[in-house]
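Here's the structure we're looking at; comments come further down.
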Amino acid sequence: MLKNIFTDDAGKRSSPIQKIIYLYPFIIKNEYNMKFNTLALLALLSLGAVSCKEKTVSDQENSAVTQTKSGNLTTDELKTEINGITHRSYAAYNADLEGPLPVVFVLPEWWGLNDYVKNRVHQLAELGYYAVGVDYYGDQKVVDTPEEAKKLASHFYEIPIDARRMFDAAKHQVSLVDKADYNKMAIIGYCFGGAQALNMGRISDDFKGVVSFHGNLSTGIRAKNKSVQYLVLNGAADEMVSQEEIASFKKEMDSAKIKYTFIDYPDAKHAFTNPKATEIGKKHGLDIAYNKEADEKSWNEMKKFLEDIFK
């Protein structure tokens, strides 16, 4: 299906109108979207408008080379305009590797597309992936207080179709990149991003797998397909993810016969992968903390997971 949406019979990229014609019947059939057909169609039209200005990574104006411990990476911004706001997702890859490369989207904590997320993008690019940090808030907006973060993040929980629309726009931009393998995609996410990663896996079969690091598990959206594999990396001491929520998630997965792995890390609190979590927690009175052991073990689990699903 994906090949038909983004290419015509001759293998050329299809036009915006062709994409809309291909996708609209799936919107009508999809139970999740039935209440939002009009909004979804508008979303597709907006993607069509964006695609009229298509650029590949090779001719993006903001391409740059970033020095990392493992060498040079090519970085770029993938821009999409939604409701007058420019979303500037952050991509990185090793240009020395032959493409196309498997794609890994990185969904941020509720603070926004900050340096922590960009560093994770770099780490994934060093592993050989085309990595993309998704800009949910627009203009790579980053906030410093829980109050600001909650205000921005809650919108995507309350109106999940907006989360999908925004994410699909970023995914569309990736489909235009020659270096990216659109048939091999996965998502990882942290906290807020972990919950969003699980949601994208629940409602779309475009991905080989999704990984949630210390994310909420129950968002009111139920899994619609069995083809996506899940890896959930949870802190056993995370007070923001209750035992009831864990039990509910496992029941959902088991009932739908979905392949998933759930790992609890002893003594690990919420945000255990972020080296600044302890400092942030003390500053704002949040029960979050960095846990070096859990961070390293969970990253290694993710690496093995991605290797397996992309075989």
Side-chain angles (χ1 to χ4, degrees), residues 30-36 38-40 42-43 80 82-83 85 87 89 105-114 116-117 133-171 187-204 206-207 210-225 228 230 232-235 238-253 256 260 269-271 273-274 277 280 284 286-288:
N30 192 317
E31 177 186 340
Y32 169 68
N33 280 330
M34 283 186 68
K35 297 180 181 179
F36 307 102
T38 302
L39 285 175
L42 289 173
T80 302
I82 300 176
N83 293 334
I85 298 174
H87 295 261
S89 294
F105 294 94
V106 185
L107 309 190
E109 298 175 300
W110 68 350
W111 309 114
L113 187 53
N114 55 18
Y116 170 72
V117 180
V134 178
D135 179 19
Y136 271 81
Y137 301 154
D139 293 320
Q140 294 192 6
K141 183 179 180 65
V142 174
V143 296
D144 297 319
T145 68
E147 292 76 19
E148 292 176 291
K150 183 177 181 180
K151 181 179 180 181
L152 290 172
S154 61
H155 172 80
F156 295 105
Y157 286 115
E158 294 167 1
I159 310 178
I161 195 172
D162 279 359
R164 182 171 187 179
R165 178 187 179 192
M166 193 286 312
F167 182 80
D168 282 353
K171 190 172 61 172
I187 314 173
I188 73 169
Y190 296 87
C191 300
F192 160 76
Q196 294 302 318
L198 294 178
N199 278 355
M200 293 303 108
R202 284 177 169 117
I203 62 180
S204 174
D206 291 348
F207 310 100
V210 296
V211 184
S212 172
F213 292 87
H214 43 79
N216 286 105
L217 308 175
S218 299
T219 60
I221 296 176
R222 308 289 290 183
K224 297 291 185 183
N225 63 77
V228 179
Y230 295 74
V232 178
L233 305 166
N234 186 67
D238 188 341
E239 293 189 356
M240 300 184 190
V241 180
S242 68
Q243 291 302 309
E244 291 76 15
E245 187 174 359
I246 293 172
S248 176
F249 173 79
K250 290 181 177 180
K251 182 178 180 180
E252 174 194 352
M253 295 291 108
Y260 73 99
K269 295 187 174 184
H270 196 68
T273 64
N274 190 333
I280 294 171
H284 298 292
L286 301 174
D287 189 22
I288 62 177

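All values below were derived from every heavy atom in this structure, side-chain atoms included, with hydrogens, water molecules and symmetry-related copies excluded.
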### Message
Just to verify, what does I85 make a side chain to side chain contact (heavy atoms under 4.5 Å, CB included) with, not counting sequence neighbours?
### Response
H87

### Query
Okay, side chain of Y137, backbone of W110: is any donor-acceptor separation there less than 3.5 Å?
yes

### Task
Name the orientation class of the two ring planes belonging to F156 and F192 (parallel below 30°, tilted from 30 to 60°, perpendicular beyond 60°).
tilted

### Query
What residues, two or more places apart in sequence or in another chain, satisfy ring pair (Phe, Tyr, Trp, His ring centres under 6.0 Å) together with F249?
Y260

## Note on the structure
Correct closest heavy-atom pair for N274 and E109 would be ND2-OE1, 2.9 Å

#### Entry: Closest approach of D135 to G138 (non-hydrogen atoms, all atoms of both residues)
OD1-N, 3.1 Å

### Message
To the closest 0.5 Å, what do you measure between CG (N114) and CD (Q140)?
### Response
10.0 Å

### Message
For M240, is there any backbone N or O sitting under 3.5 Å from a side-chain donor or acceptor partner on D238?
### Response
yes

### Approximate separation, where rounding is to 0.5 Å, of L217 CG and N234 CG
6.0 Å

### Message
Is there a side-chain contact (heavy atoms from CB on, under 4.5 Å) between V134 and L113? Walk through the geometry before answering.
### Response
CA-CA 7 Å; V134 178; L113 187 53; over 6 Å; no

### Message
Under the criterion side-chain contact (heavy atoms from CB on, under 4.5 Å), I'd like the reasoning laid out for K141 against L152: C-alpha separation, chi angles, the key distance, then a yes or no.
### Response
CA-CA 10 Å; K141 183 179 180 65; L152 290 172; 3.8 Å; yes

### Task
Kindly write out the residues that satisfy salt bridge (charged side-chain N to carboxylate O under 4.0 Å, His left out) with D144, not counting sequence neighbours, or none if the list is empty.
none

### Task
Look up atom OH in Y116 and atom CD1 in I280, then write down how far apart they are to the nearest 0.5 Å.
10.0 Å

### Query
So how far is it from M253 CE to Y230 OH, rounded to the nearest 0.5 Å?
4.5 Å

### Summary
What one should report as the nearest heavy-atom pair of V210 and L198 is CG2-CD2, 4.2 Å

### Task
State, to 0.1 Å, how close A163 and Q196 come at their nearest heavy-atom pair, and which atoms those are.
CB-OE1, 3.4 Å

### Message
Between E148 and W111, is there a side-chain heavy-atom distance shorter than 4.5 Å?
### Response
no

### Task
Specify the closest pair of heavy atoms between A277 and A271, including all atoms of both residues, with the distance to one decimal.
CB-O, 3.4 Å

### Summary
Partner of L107 under side-chain contact (heavy atoms from CB on, under 4.5 Å), picked from Y190, Y136, F213, is Y136

### Message
Side chains of E158 and S154, heavy atoms from C-beta outward: is any pair under 4.5 Å?
### Response
yes

### Task
Using side chain to side chain contact (heavy atoms under 4.5 Å, CB included) as the criterion, list what pairs up with S204, not counting sequence neighbours.
R164, K171, D206, F207

### Message
Just verifying a value: how many Å separate I221 CD1 and I203 CD1, rounded to the nearest 0.5 Å?
### Response
5.5 Å

### Task
Would you please name every residue forming a ring pair (Phe, Tyr, Trp, His ring centres under 6.0 Å) with H270, sequence neighbours left out?
H214

#### Entry: I161/I159 under side-chain contact (heavy atoms from CB on, under 4.5 Å): CA gap, chis, key distance, verdict
CA-CA 6 Å; I161 195 172; I159 310 178; 3.9 Å; yes

## Note on the structure
Heavy-atom closest pair (A197 atom, V211 atom, distance to 0.1 Å) is CB-O, 4.0 Å

### Message
Listing request: all salt bridge (Lys or Arg N to Asp or Glu O under 4.0 Å) pairs with a residue in residues 240-250, at least two apart in sequence or in separate chains.
### Response
none

#### Entry: Between CD on residue E239 and CD1 on residue I288, distance to nearest 0.5 Å
12.5 Å

### Task
Check whether any side-chain N or O of D162 sits under 3.5 Å from a backbone N or O of M166 as a donor-acceptor pair, and report yes or no.
no

